[in-house]
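See below for the structure under consideration.
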Number of protein chains: 2
Amino acid sequence: MRRFATIKDIASALNISVSTVSRALRDTYDVNASTRQAVLQKATELNYRPNFNAIGLVHNRTHNLGILLPEITNYYFSTLFTGIQEVAYKAGYNLTLFVTGNDAEREVDIVRNLSLSGLDGLLVSVSSQADSDQHFQEVIDNGVPVVFFDRVSENIHTSKVMQDDYNGAFEATVHLIKNGYGKIAHIAGPEGLTFTQARLNGYLDALRKHKLPVKPSWIVHSGFTQQHGEQDLEQLWERREKPDAIFAVNDRKAIGAILALKRKNIRIGKDVGVIGFTNDPVAAIVSPSLSTVAEPAFEIGKLSCELLLKHIHKKRFEPEQVTLPGKLIVRESSSRL
Amino acid sequence: MRRFATIKDIASALNISVSTVSRALRDTYDVNASTRQAVLQKATELNYRPNFNAIGLVHNRTHNLGILLPEITNYYFSTLFTGIQEVAYKAGYNLTLFVTGNDAEREVDIVRNLSLSGLDGLLVSVSSQADSDQHFQEVIDNGVPVVFFDRVSENIHTSKVMQDDYNGAFEATVHLIKNGYGKIAHIAGPEGLTFTQARLNGYLDALRKHKLPVKPSWIVHSGFTQQHGEQDLEQLWERREKPDAIFAVNDRKAIGAILALKRKNIRIGKDVGVIGFTNDPVAAIVSPSLSTVAEPAFEIGKLSCELLLKHIHKKRFEPEQVTLPGKLIVRESSSRL
DNA sequence: GTGAAAGCGCTAACAT
DNA sequence: ATGTTAGCGCTTTCAC
């Protein structure tokens, strides 16, 4: 059984008390300079490592943050994580990552079994809103700060960080309209997710504002993968009247649509315009390159983590909601030329 | 200050002792069925959550594994993580993720400051081998099991899980040769990393076996990104004699090369063959699609985690080395047709 | 089958 | 400036 050197070991080696060792190590109390010197040296010598379980037990905090994500194999969420870690690392917090695989049941299971005592706070992007948000409310009721980002939960009163999904979708749709497309379909995400709804609304309002027809048969909901994008497009092409442009809820679905269109020998841009959402690097690689709305993933990660740390440090911190703007990126897929 | 219900609370509510509560909760000792029933019910009622710091303190283990990765914003590592989590989740272990951003200094910093008492084991893909591996040896000397995967450390005696980089590279190169390319360049990773070297060796041996010229000027080392791939290609095209095929150390660099070639109006496949390594989904999306060697990322993740758990559970577990085969995936970029 | 008590490693009053 | 002690929440002898 492995056992690290403890402050007790240092104390007895030096013939002083554990409290003196503790104080010297923390460099915060009045400790004789020479004593501190001796302690520090002995600590190095014995390869002393503080026991975080013990410290956590005393202080009731652990310097551990939990992160709950629907997936990680994806540009957006992995970039977001990198942003979170940027802040956490500097603040001396470790990150425990939980990935649900978009499985709502697993999400509940994870949250219910969360070692709450091992976590000072929780950062969440929800997997699905089909079920209730009760499990998150329980965490909050237990006094653990929670910050939602990207896929937020409507019913829960806590800090949230999102991109401006509505306006991004609005701009994307207007961009298509301005480029001469008039029969614009929307390949959406699963129903029930707030941001799916926000992007749908942006799309709808853009159509209405420009007096274009809103055809329910041109709106198809499914998952977030490239395969879903391909399937959605096939479905659209079974309609009597076919659209002449596609606004996809994310780049992966847009790429799926592009591949499906190519297979039909339909020219992207010239025949059918396509625009996505995210600005996944693959958008610049695909041919023709994909127009999109860039999401500030890294920034959202940073901000969420900063907000969570504020919640943890102040006792009564009023929840904040932050919405970051996206940015229209025009490439080849949305131009007739 | 938040405070969860403890076994003490349950005990006093039920007028029994804490040890009975502890036993009932763990369902492992002789406890009267009705007592257990009462305890379980009270626990739910009070929303009892075990304190993992306390348990960790007693048992000297935490059910936490550390994962150290060079990056996460990338198909290979994020898939690998998913594989690890698959095993960890079922075994009831949480994962603390550390990402170095390919920064060797940061790696040392993280490892040196690791809360070793908070981790039952460590899974590592090293960021760079330029520096010594001393920091990892220290962890092992402290009795914390370490398993390396993908980018392993040569000098350290512990379990390692890798793909077969040498044979994958060999096969990829032979594939180019068989398809009629004779002047094959290699766009490599940074020098000093074991797997970079293994892929280089596979490439070299394939050339030698087929009596093809080995030209040092056709081998260029740099980083792992698409931008590096583009730069490397530009560098190759400054040579007096230009190659007619590229074997890239990974798909991202291969894609970079493809984009740079396209800019030069060189036809991929017909004029210059390209093959990558990884089988990133983008390889199927890029046009022309990219031939590659598929890496078993998910499997490597699973295996590494299984191995680490074995190390943790058995007291004296002999280190194992596992090498998983890759698989040649032929697409458009490596064919003259 | 259950309780009392010691102890995991550390911090934080309270003494001196 | 340093020592003594209680206690964080839990498990685990050792009694009975």
Side-chain angles (χ1 to χ4, degrees), chain A residues 1-40 42-43 46-64 114-120 142-144, chain B residues 1-40 42-43 46-64 115-120 142-143:
Chain A
M1 196 50 164
R2 79 187 212 245
R3 206 189 130 271
F4 299 105
T6 70
I7 56 171
K8 225 172 177 171
D9 297 327
I10 300 179
S12 62
L14 258 37
N15 252 313
I16 57 178
S17 78
V18 287
S19 39
T20 304
V21 176
S22 170
R23 288 189 270 249
L25 249 21
R26 276 172 301 145
D27 193 24
T28 169
Y29 285 79
D30 274 345
V31 174
N32 194 310
S34 66
T35 314
R36 160 168 304 134
Q37 191 54 38
V39 168
L40 260 32
K42 197 48 110 182
L46 298 179
N47 193 18
Y48 168 79
R49 302 294 187 107
N51 185 314
F52 282 63
N53 288 313
I55 297 174
L57 191 54
V58 172
H59 284 148
N60 207 19
R61 50 186 189 71
T62 60
H63 274 235
N64 253 35
L114 221 47
S115 151
L116 256 23
S117 51
L119 259 28
D120 291 351
N142 270 314
V144 179
Chain B
M1 198 50 166
R2 78 189 214 243
R3 207 188 130 271
F4 300 104
T6 69
I7 57 169
K8 223 174 180 170
D9 297 327
I10 301 179
S12 62
L14 258 37
N15 251 314
I16 57 179
S17 77
V18 288
S19 34
T20 304
V21 175
S22 169
R23 289 189 268 250
L25 249 21
R26 276 170 301 144
D27 194 22
T28 168
Y29 285 79
D30 275 343
V31 174
N32 194 310
S34 65
T35 312
R36 162 168 301 135
Q37 192 54 38
V39 168
L40 261 33
K42 196 47 107 182
L46 297 179
N47 193 18
Y48 168 79
R49 303 293 187 107
N51 185 314
F52 282 63
N53 288 313
I55 298 174
L57 190 53
V58 171
H59 284 147
N60 206 20
R61 49 187 189 71
T62 61
H63 275 233
N64 254 34
S115 151
L116 256 23
S117 52
L119 259 28
D120 290 351
N142 271 314

Using atom [atom1] of [X] as one end and atom [atom2] of [N] as the other, report the distance to the nearest whole Å.
| X | N | atom1 | atom2 | result |
| --- | --- | --- | --- | --- |
| A:L57 | C:dT11 | CG | C1' | 10 Å |
| A:N60 | C:dC10 | CG | P | 18 Å |
| A:N53 | C:dC10 | CG | C1' | 11 Å |
| A:F52 | D:dC8 | CZ | C1' | 17 Å |

* Between OG1 of B:T62 and CD1 of B:I55, what distance do you get to the nearest 0.5 Å? -> 11.0 Å
* Under the salt bridge (charged side-chain N to carboxylate O under 4.0 Å, His left out) rule, what pairs show up with a residue in residues 9-18 of chain B, not counting sequence neighbours? -> B:R3-B:D9
Qualifying residues under side-chain hydrogen bond (donor to acceptor under 3.5 Å, both in side chains), relative to [X], sequence neighbours excluded:
| X | result |
| --- | --- |
| B:S19 | B:S17 |
| B:S22 | B:R26 |
| B:N51 | none |
| A:S12 | none |

* **Overall bend - the helix from C:dG1-D:dC16 to C:dT16-D:dA1, comparing terminal axes fitted on five pairs, nearest 10 degrees** => 40°
* Structure fact -> Heavy-atom nearest pair, B:R36 first then B:R23, reads NH2-O, 4.4 Å
* To do: Check side-chain contact (heavy atoms from CB on, under 4.5 Å) between A:L14 and all other residues, then give those that pass, not counting sequence neighbours.
  => A:I10, A:I16, A:A38, A:V39, A:K42
* Do you see a donor-acceptor pair shorter than 3.5 Å between the side chains of A:N64 and A:D120? -> no
* Is there a residue in residues 10-17 of chain B whose heavy atoms reach under 4.0 Å of DNA chain C, and which residues are they? -> B:I16, B:S17
* What is the per-nucleotide protein-contact pattern of nucleotides 10-16 of chain D, from the 5' end, where B denotes a base atom under 4.0 Å from a protein heavy atom, S denotes such proximity for sugar-phosphate atoms only, and - denotes neither? -> BBBB---
* Quick one: list whatever passes salt bridge (Lys or Arg N to Asp or Glu O under 4.0 Å) with B:R49, sequence neighbours left out. => none
